[in-house]
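What follows is one structure encoded as structure tokens, with my remarks underneath.
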Amino acid sequence: MEHIKQLAQSASRMSKKIELTELSKEELTEEILKIGEKNFRAKQLWQWMYYRGVTDFGEMSNLSQALRAKLEENYTITRPKVVTEQISVDKTHKWLLEFNDGERVEMVYIPEKDRGAVCISTQVGCAMGCRFCHTGSQHFTRNLTAGEIVGQFMVARDTYKEWPSPTNETRYLSNIVVMGMGEPLNNLENVVKALNIITDCDGIAISRRRVTMSTSGIAPRIVEAMQRTGVRLAISLHAPNNTIRSKIMPINDKFKIEEVLKECQKYQQGDHSRYITFEYLLLKGINDSSENAKELVELLKKYKLRATFNLIPFNPWPGCSFKPSDKKTVEIFSKILDDAGFAAPIRVPRGQDILAACGQLKSKMPKA
Ligand code: SAH
Ligand code: SF4
């Protein structure tokens with residue numbers, strides 16, 4: 001209740017109206033009861049918003065005129081504004097989105113043959129400052145709200161006209177990766193709320209198995225985040241030991257590799273279906289030697305984790321001094337992991353020509 005009051009207060013400062021995409025299903029029901037309507041109206045409203053993608057109360061034809069007018073008067077359903085859109089030669093689609101206060105994030109859709117993943121952001125900028133990441137070079141501005149996180153995916157659905165929510169078999173926007181800008185576990189409350197809205201089966205209905213959340217390794221929040229969202233876990237490991245990891249990821253000084261892997265063990269305990277993806281970014285001469293690969297194998301074996309790797313070739317961005325590893329080096333690295341029983345596919349970079357690949361997203365234009 002307290003939470004709704006706060007939302008209401010901040011909304012009234014801005015527009016005197018409450019933004020409905022900021023509310024969980026339970027909070028939306030409370031609101032509807034508060035304005036004197038029955039429970040089932042909340043479900044109808046939810047379906048209009050999240051199953052049909054409607055933003056105009058006037059179109060909600062199974063609600064009475066009086067209720068539609070009441071909703072219009074007190075509430076809003078807002079989408080982030082699309083500032084620019086770019087489509088890569090490989091069909092990767094990038095949107096620059098703007099929120100009410102003028103802050104911006106980028107979102108990417110990576111199409112495969114008959115499906116595809118939408119990569120969404122959770123923060124404007126990022127406080128983690130990973131040396132290889134364009135987002136990390138831009139500092140942290142603010143967390144995105146739950147509505148802003150959900151709103152991104154709804155913009156993608158608007159663009160591809162995937163309303164009403166299609167079945168799993170027919171949807172192109174079939175998967176979500178929480179791998180855009182920001183560290184999701186540093187914005188956990190809003191991310192949990194957003195993912196619960198996105199995966200709710202009366203609405204957008206993306207299955208939890210088709211959502212993957214990537215973290216740089218905020219160890220104490222990993223188990224909680226997975227329990228509260230039920231999505232898949234990816235860890236940005238990027239190094240086989242603390243010396244290398246601390247050089248490229250400052251967060252490693254706070255949460256060491258061992259601490260992160262222990263939490264991964266806890267997460268997998270008692271549930272054999274839980275696989276973890278370890279993302280490993282290959283940086284020339286930094287973390288890409290055969291010795292590094294062997295050390296990585298030993299590390300994973302020690303913790304007995306059920307895991308696959310995702311080897312990511314480094315995507316350069318303006319002003320960054322790292323270089324991508326040679327093709328041959330990447331292949332040798334992948335084979336060492338593979339021979340040790342860990343699948344280690346090499347991720348094909350997508351959308352590089354429009355700076356839409358991993359780690360290239362930004363919120364601000366480069367300074368002139
Ligand atoms: N903050 C979260 C999720 C977003 S980053 C995290 O770090 O896990 C998504 C992935 O892109 C991470 O594995 C990240 O390390 C990787 N990445 C960052 N910069 C990159 C770059 N320049 N080239 C390739 N991958 C990069
Ligand atoms: Fe933040 Fe992830 Fe980029 Fe690191 S890689 S700076 S955690 S967005």
Side-chain angles (χ1 to χ4, degrees), residues 123 125-140 178-179 181-186 212-223 225-226 233-268 276-317 320-325 329-330 332-334 336-337 340 342 344-347 357-360:
Q123 298 181 317
C126 183
M128 300 295 99
C130 302
R131 310 264 184 259
F132 44 77
C133 175
H134 202 184
T135 307
S137 74
Q138 301 211 320
H139 307 293
F140 172 71
V178 187
M179 296 188 185
M181 300 167 57
E183 169 46 57
L185 303 200
N186 279 353
T212 303
M213 179 152 68
S214 174
T215 174
S216 58
I218 313 296
R221 299 203 189 126
I222 291 175
V223 172
M226 291 301 112
L233 173 63
I235 302 274
S236 293
L237 192 57
H238 305 332
N241 59 49
N242 287 313
T243 313
I244 300 179
R245 198 166 192 264
S246 286
K247 275 192 195 137
I248 54 177
M249 299 177 75
I251 187 63
N252 197 68
D253 291 336
K254 203 159 173 196
F255 305 116
K256 295 269 179 287
I257 291 185
E258 295 72 24
E259 221 175 313
V260 174
L261 297 187
K262 263 189 214 135
E263 293 306 309
C264 291
Q265 271 182 331
K266 278 191 211 158
Y267 161 67
Q268 288 196 326
I276 298 171
T277 303
F278 285 102
E279 295 158 282
Y280 196 101
L281 174 64
L282 287 149
L283 299 166
K284 189 173 189 164
I286 307 274
N287 63 355
D288 62 349
S289 69
S290 300
E291 288 66 43
N292 296 151
K294 287 175 196 154
E295 196 180 351
L296 195 57
V297 167
E298 290 316 310
L299 186 70
L300 271 272
K301 282 192 174 160
K302 186 170 156 206
Y303 285 87
K304 296 190 172 51
L305 294 167
R306 294 180 296 287
T308 49
F309 280 91
N310 204 330
L311 299 181
I312 317 177
F314 171 64
N315 297 311
W317 40 272
C320 182
S321 58
F322 290 113
K323 299 269 175 299
S325 305
T329 312
V330 178
I332 295 170
F333 200 97
S334 169
I336 293 172
L337 297 179
F342 296 103
I346 302 159
R347 193 186 285 175
C358 295
Q360 294 183 319

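The residues of the chain are indexed from 1 along the displayed sequence. No experiment lies behind these values; they were computed from the predicted model shown.
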Next item on the list: Check for a donor-acceptor pair, side chain of Asn292 on one end and backbone N or O of Glu295 on the other, with a separation under 3.5 Å.
Entry: no
Margin query: Going by the rule ring pair (Phe, Tyr, Trp, His ring centres under 6.0 Å), which residues pair with Phe132 if we only count those two or more places apart in sequence or in a different chain?
Written below: His238
Item checked: Under the side-chain hydrogen bond (donor to acceptor under 3.5 Å, both in side chains) test, residues paired with Thr308 that sit two or more places apart -> none
Check: Does Glu263 pair with Lys266 as a salt bridge, N-O distance under 4.0 Å?
Finding: yes
Notebook entry, point to check: Do Gln268 side-chain atoms and Arg306 backbone N/O form a donor-acceptor pair below 3.5 Å?
Noted result: yes
Next item on the list: Please report the shortest heavy-atom distance between Ile336 and Val297, naming the atom on each side.
Entry: O-CG2, 4.2 Å
Check: Which value, rounded to the nearest 0.5 Å, describes the distance between Ser289 atom OG and Ile244 atom CD1?
Finding: 7.0 Å
Margin query: Can you classify the ring geometry of His134 versus Trp317 as parallel (below 30°), tilted (30 to 60°) or perpendicular (above 60°)?
Written below: parallel
Notebook entry, point to check: Between Tyr280 and Phe333, is the gap from one ring center to the other below 6.0 Å?
Noted result: yes
Item checked: Residues forming a side-chain hydrogen bond (donor to acceptor under 3.5 Å, both in side chains) with Asn287, sequence neighbours excluded -> none
Notebook entry, point to check: Distance only, no hydrogens: is a donor on one side chain within 3.5 Å (strictly under) of an acceptor on the other, for Gln123 and Asn186?
Noted result: no
Item checked: Under 3.5 Å: donor-acceptor pair, side chain of Arg245, backbone of Ile257 -> no
Note to self: Restricting to non-hydrogen atoms, name the atom on Ile332 and the atom on Ser290 that form the minimum distance, rounded to 0.1 Å.
What the structure shows: CG2-OG, 3.7 Å
Notebook entry, point to check: Taking only residues two or more places apart in sequence, or in another chain, which ones meet Glu258 in a side-chain hydrogen bond (donor to acceptor under 3.5 Å, both in side chains)?
Noted result: Asn242
Next item on the list: To the nearest 0.5 Å, tell me how far Met179 CE sits from Asn310 CG.
Entry: 7.0 Å
Next item on the list: Please name the pair of heavy atoms, one in Pro184 and one in Ser214, separated by the smallest distance, quoted to 0.1 Å.
Entry: CG-O, 3.1 Å
Margin query: Restricting to side chain to side chain contact (heavy atoms under 4.5 Å, CB included), what partner residues turn up for Ser334, sequence neighbours left out?
Written below: Leu311, Ala344, Ile346
Item checked: Sidechain-backbone polar pair: Glu183 side chain, Ser216 backbone, donor-acceptor under 3.5 Å -> yes
Next item on the list: Please answer whether the main-chain N or O of Tyr303 pairs with a side-chain N or O of Gln265 as donor and acceptor at a distance below 3.5 Å.
Entry: yes
Next item on the list: Could I get the full list of side chain to side chain contact (heavy atoms under 4.5 Å, CB included) partners for Ser321, not counting sequence neighbours?
Entry: none
